Colleague: 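Just passing along the structure, written as structure tokens.
What you see is a predicted model, and the numbers here were worked out from it, not measured in a lab. Ligands are counted one by one from 1 in listed order, and the atoms in each one are counted from 1 as well.
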Amino acid sequence: MTRTKITVLCENTAGRPMGLTGEHGFSAHIEQDGKKILFDTGQGMSLANNAQVLGIHLGDVKTVVLSHGHYDHTGGLPAVLYPPRGVEVIAHPDIFAKKYAELDSPRGKEKIFIGIKYSRDYLEGALQARFNLIQAFKEIADGVFFSGEVPRETDFEQPDNRLKVEHNGKITDDPLLDDVSLLIETGEGPVILLGCAHSGLVNVMNHFSRQTGHKTFHAVIGGTHLGFLGGATQQLEKSMDALDEYQVDLIAVSHCTGQEAAAICYSRFKERFAFACAGWSKTF
Ligand SMILES: [Fe+2]
Ligand SMILES: [Fe+2]
């Protein structure tokens, strides 16, 4: 039976063992039948340290998947691409768009760059990244499925209108079509790994269900973006209902889920809930 180990390397908070660092971001390491895939890379300050503390050799990673082009998922790229060895980087073609967050400040609305802080030339040149930019659903390794663009279908999962993108000098709301997730077939059933779920958690589950034929999922791990919605909203309630409908046994969320939404999820799912902080690991 296939054995799959998923370890959270970067997250806003740090768990055990001693020496881990937290940072606003997400990264998870997937180990299955000798293949080692890194899903996201955090902000860049904790990836190398946490991998070392957890005994994970980033130099063994041959494939990196980026969930989207935000800084808190892509900042650690150099730590995994170095030493340069032609690591494949799989992502949606829109990851290099100029992305911003429009936030309130004492000076009024302020626009902050939140995209990838390295140029594609630098990543491909000095660090020899081999970008494999894919728009559609695809099996990228045996039993590992890349969601591709996720259709926005539910009416209760609305985009975060503080997130912006610049095209030809014009700034508009960012539809974040580059937001992708993974589905990994494991011995205990299909496991979904989310970066930020900007596409909407329910849209992601519906999409994977349609593409793979699965009617249930064993686990959902990662960032859900529910925390940016301000607590007990209709979206949070409907997302929790969908986790029940898909009979998810393990809801291991963190990052942009936020503490309030995570607490509400815990009070509903109890022993089915886990907080996937840096250092959290599970073998399926
Ligand atoms: Fe994001
Ligand atoms: Fe994020």
Colleague: Is K164 positioned over the aromatic face of Y100, cation under 6.0 angstrom from the ring centre and no more than 45 degrees off axis?
Modeller: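 Pair K164/Y100 does not count as cation-pi.
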Colleague: Under the criterion ring-ring contact (aromatic ring centres under 6.0 Å, His included), I'd like the reasoning laid out for H24 against H255: C-alpha separation, chi angles, the key distance, then a yes or no.
Modeller: CA-CA 7 Å; H24 177 86; H255 182 44; 4.7 Å; yes
Colleague: Can you count the protein N/O/S atoms lying under 2.8 Å from the Fe ion (ligand 2), leaving waters out?
Modeller: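 Of the protein's nitrogen, oxygen and sulfur atoms, 4 lie under 2.8 Å from the Fe ion (ligand 2).
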Colleague: Check Y246, F208, F145 against I192 for a side-chain contact (heavy atoms from CB on, under 4.5 Å) and give me the one that passes.
Modeller: F208
Colleague: Are the aromatic ring centres of H68 and H92 under 6.0 angstrom apart?
Modeller: no
Colleague: Would the F96 and F131 ring centres measure less than 6.0 Å apart?
Modeller: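 Yes - the distance between ring centres of F96 and F131 falls below the 6.0 Å cut-off.
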Colleague: Test F156 against V202 for side chain to side chain contact (heavy atoms under 4.5 Å, CB included), laying out the working first.
Modeller: CA-CA 10 Å; F156 56 91; V202 183; 3.9 Å; yes
